[in-house]
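In this chain, residues are counted from 1 in sequence order.
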Amino acid sequence: MPAPAALIPRPASIALADGYTTEYRVETTIDPALPAEGYRLEVDADGIRIAAGDDAGAFYAARTLDQLRTDRGVPYVRIEDAPRFRYRGAMLDVSRHFFTVEQVERYLDLLALFKINHLHLHLSDDQGWRIHIDAWPKLSEVGGRNEVGGGQGGFYTKADYARIVAYAAERFITIVPEIDLPGHTNAALVAYPELAPEGVSPVPYTGDDVGFSTLAIGKPEVTRFVTDVLGEVAAMTPGPYLHIGGDESYKTKEEDFLAFMKEAGAIAASTGKTVVGWHEMGRSRELPAGTIGQYWGFVVPRDRTGEHAVSFVGQGGKLILSPADAVYLDMKYDESTPLGLVWADGPTSVQDSYDWEPTAVLDGVDEDDILGLEAPLWTETITTSEELETMAFPRLLSLAELAWSPAEGRSWEEYRERLASLAPYLDAHGIHYTRAAGVPWR
Ligand code: NGO
């Protein structure tokens, strides 16, 4: 396969001509008539010209150009490109294991190469609270000092967090902060017993179980906590989204859960941000206007997960799709993968991560109801950047392509060849990808 065919994500339209240029000077203009994040890239005997709908489009054109470069130069080509979905996301769980600012920056560098434009940070969970909150300082100072396996943990100061947000913005990536409520809160309860149902702090949790913790719904301290925390996190967030979790609150009574989601949703919305929640939040029929649901059920929905997701659309919101059996990057590739989990019908091969169509997942959910796609990386078993990369790559590239490229003409048979051809590019960026089965790596 010639190098241009190796482009990931695949451009909306590409026409190659004979010849190469070795004149790398690029002429860039902004043309507001082009779509948001879109661009036109022309390479011919006159050199390289980029026209972009906006600065992000110019940035993406340059990323495409990176992938087009060969030993012989840049091939003559005309590309017209724009994304299918405006939300193209990855998620990193920095709670189960803590990742430093530098490690997050490294991940941001890699996301940007493939036109991913959101990084959702899962900032709190049972094992650790990772963001400093002035009004409740022990959340980070006490609740941050733990992780799966009992390590040191860690947390971001407000200055650290601002660095991450700025580094992301330079790469046209929006940080989406998540404070997971009202379950997944053991670390907060360790720091502040008054938030716990019995008023006593539990011991720090170092395992990988889920669904055993809850805030004491209805207590005034809890309302004050949620108001302070969401207010401070919103103030640190230039982006439009504020994720409040809502998943797996198995210890919360249904009536309490519904009352809490109504209250926390309203508090989150009052910060001016668009509220995001995992699909369980869709059990509530009193969501703030425009709340975004994040679906993490299966590609073929089971139980009532689909119904809960569709509830967001019924209430005027859109969906982010993260089907766990396709895009959960923490699933093993196959039986031989040393890290990762298998609960989501795993193992999850590269083909599983690619071979699904977003509009086919949920009945009654069309293209326009889908804000975009996101690949979460939960870190119960992941502790280093190298491990993170072996799980994310190459499956994250499937997500990048599904979220960017047109659905028409997409096939696993063609993609796997293109992915194999991208190996030298992955190597050039020092990416620790897994040479997973099913891809004709050379
Ligand atoms: C679930 C659970 C997380 C786990 C993850 C592991 C969601 C939304 N809640 O996904 O707490 O870490 O699975 O794959």
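- Under the 6.0 Å cut-off for aromatic ring centres, Tyr205 and Phe212 qualify, their centroids lying closer than that.
- Partners of Leu110 according to the side chain to side chain contact (heavy atoms under 4.5 Å, CB included) rule, which considers only residues two or more places apart in sequence or in another chain, are Arg106, Leu113, Glu389, Phe393, Ile431.
- Open room surrounds CG on Asp363; 12 or fewer heavy atoms of other groups in view lie less than 6.0 Å from it.
- Residues Ala234 and Leu242 come closest through the heavy atom pair CB-CD2, 4.3 Å.
- Atom NZ of Lys251 sits in a sparse spot, with 12 or fewer heavy atoms from other residues, nucleotides or ligands closer than 6.0 Å.
- Here Ala407 pairs with Arg84, Glu357 under the side chain to side chain contact (heavy atoms under 4.5 Å, CB included) rule; sequence neighbours left out.
- In terms of modelled atom types and a separation under 3.5 Å, the side chain of Lys273 and the main chain of Gly239 share a donor-acceptor contact.
- Looking at every heavy atom in both residues, Gln315 comes nearest to Gly282 through NE2-O, 4.5 Å.
- Checked against side-chain hydrogen bond (donor to acceptor under 3.5 Å, both in side chains), Gln152 has no partners two or more places apart in sequence or in another chain.
- Formation of a donor-acceptor pair under 3.5 Å by the His97 side chain with backbone atoms of Ile382 is found in this model.
- Here Ile30 contributes atom CD1 and Tyr39 contributes atom OH; the two are 14.0 Å apart, rounded to the nearest 0.5 Å.
- Taking the side-chain hydrogen bond (donor to acceptor under 3.5 Å, both in side chains) definition, one finds that His279 meets it with nothing, sequence neighbours left out.
- Within 6.0 Å of CD on Glu23 lie more than 12 heavy atoms contributed by other residues, nucleotides or ligands.
- A salt bridge is defined here as a Lys NZ or Arg NE, NH1 or NH2 lying under 4.0 Å from an Asp or Glu carboxylate O, and Arg78 with Glu80 meets this definition.
- Taking the side chain as every heavy atom from C-beta outward, Arg145 and Phe155 never approach each other to under 4.5 Å.
- Of the N and O atoms on the side chains of Lys253 and Thr214, not one donor lies less than 3.5 Å from an acceptor on the other residue.
- For Ala326, the side chain to side chain contact (heavy atoms under 4.5 Å, CB included) partners two or more places apart in sequence, or in a different chain, are Val299, Pro323, Trp356.
- When atom types are taken as modelled, the side chain of Ser249 and the backbone of Gly246 share no donor-acceptor pair closer than 3.5 angstrom.
- In this structure, Arg130 forms no cation-pi arrangement with Phe98, as its terminal cationic atom is not both closer than 6.0 Å to the ring centre and no more than 45° off the ring axis.
- Under the 4.5 Å side-chain criterion, counting only non-hydrogen atoms from C-beta, Ile14 is in contact with Val77.
- Considering every non-hydrogen atom in both Ser349 and Arg395, the closest pair reads O-CD, 4.2 Å.
- No donor-acceptor pair under 3.5 Å is formed between the side chain of Thr379 and the backbone N or O of Val94.
- The salt bridge (Lys or Arg N to Asp or Glu O under 4.0 Å) contacts involving residues 52-65 comprise Arg63-Asp66, where partners must be two or more places apart or lie in separate chains.
- With sequence neighbours excluded, no residue forms a side-chain hydrogen bond (donor to acceptor under 3.5 Å, both in side chains) with Glu335.
- The cationic atom of Arg10 (NZ for Lys, CZ for Arg) does not lie both less than 6.0 Å from the six-membered ring centre of Tyr415 and within 45° of the ring axis.
- Expressed to the nearest 0.5 Å, how far OG of Ser353 lies from CG of Leu397 amounts to 8.5 Å.
- Annotation: the span from Leu341 atom CG to Thr348 atom OG1 amounts to 10.0 Å, rounded to 0.5 Å.
- For the residue pair Thr22 / Arg72, no side-chain donor-acceptor distance below 3.5 Å is found, with atom types taken as modelled.
- The distance from the CD atom of Glu105 to the CD atom of Gln103 is 10.5 Å, given to the nearest 0.5 Å.
- Each ring-ring contact (aromatic ring centres under 6.0 Å, His included) pair with one or both residues in residues 357-376, not counting sequence neighbours, would appear here, but there are none.
- Expressed to the nearest 0.5 Å, how far CG of Asp427 lies from CG of Leu422 amounts to 9.5 Å.
- Ring planes of Tyr354 and Trp412: tilted class, angle from 30 to 60°.
- For Trp441, the ring pair (Phe, Tyr, Trp, His ring centres under 6.0 Å) partners are Tyr433, not counting sequence neighbours.
- In this structure, the side chain of Gln127 engages the main chain of Gly207 through a donor-acceptor pair within 3.5 Å.
- Residues satisfying the side-chain hydrogen bond (donor to acceptor under 3.5 Å, both in side chains) criterion with Asp31, sequence neighbours excluded, are absent altogether.
- When the side chain to side chain contact (heavy atoms under 4.5 Å, CB included) test is applied to Val210, the partners found at least two apart in sequence or on another chain are Arg96, His184, Glu248.
- Rounded to the nearest 0.5 Å, atoms CH2 (Trp404) and CZ (Arg86) are 14.5 Å apart.
- The shortest side-chain heavy-atom distance between Thr21 and Tyr76 falls under the 4.5 Å cut-off.
- Using the six-membered ring where Trp is involved, Tyr328 and Trp296 have ring planes that are parallel, under 30° apart on the 30 and 60° scheme.
- Contact of the Leu362 side chain with the Leu321 side chain is registered, since non-hydrogen atoms from C-beta on lie closer than 4.5 Å.
- Residue Asp180 comes nearest to Gly245 through the heavy atom pair OD1-CA, 3.2 Å, listed as atom of the first residue, atom of the second, then distance.
- Remark: the backbone N or O of Asp125 is paired with a side-chain donor or acceptor of Ser95 at under 3.5 angstrom.
- With Thr390 contributing its side chain and Glu387 its backbone, the two residues share a donor-acceptor pair below 3.5 Å.
- Each salt bridge (Lys or Arg N to Asp or Glu O under 4.0 Å) pair with one or both residues in residues 287-306, not counting sequence neighbours, appears once here: Arg302-Asp345, Arg304-Glu307.
- In plain terms, the two heavy atoms of His243 and Gln294 that are nearest each other are NE2-OE1, 2.9 Å.
- A 4.5 Å side-chain heavy-atom check between Phe85 and Glu367 finds at least one atom pair inside the cut-off.
- A heavy-atom distance below 4.5 Å is not found between the side chains of Phe260 and Thr252.
- A side-chain donor-acceptor contact under 3.5 Å links Ser322 to the backbone of Glu374.
- Within the 4.5 Å cutoff, the side chain of Phe172 has no heavy atoms near those of the Asn117 side chain.
- Side-chain N or O atoms of Asp81 include one that pairs as donor or acceptor with a backbone N or O of Ala12 at under 3.5 Å.
- Within the 4.5 Å cutoff, side-chain heavy atoms of Ile164 are placed close to those of Tyr156.
- In this structure, a donor-acceptor pair under 3.5 Å is present between the side chains of Glu178 and His122.
- Summarising the local packing, NZ of Lys158 is surrounded by more than 12 heavy atoms from other residues, nucleotides or ligands at distances under 6.0 Å.
- Shown here for Thr237 and Tyr241, the closest heavy-atom pair between the two residues is CG2-O, 3.9 Å.
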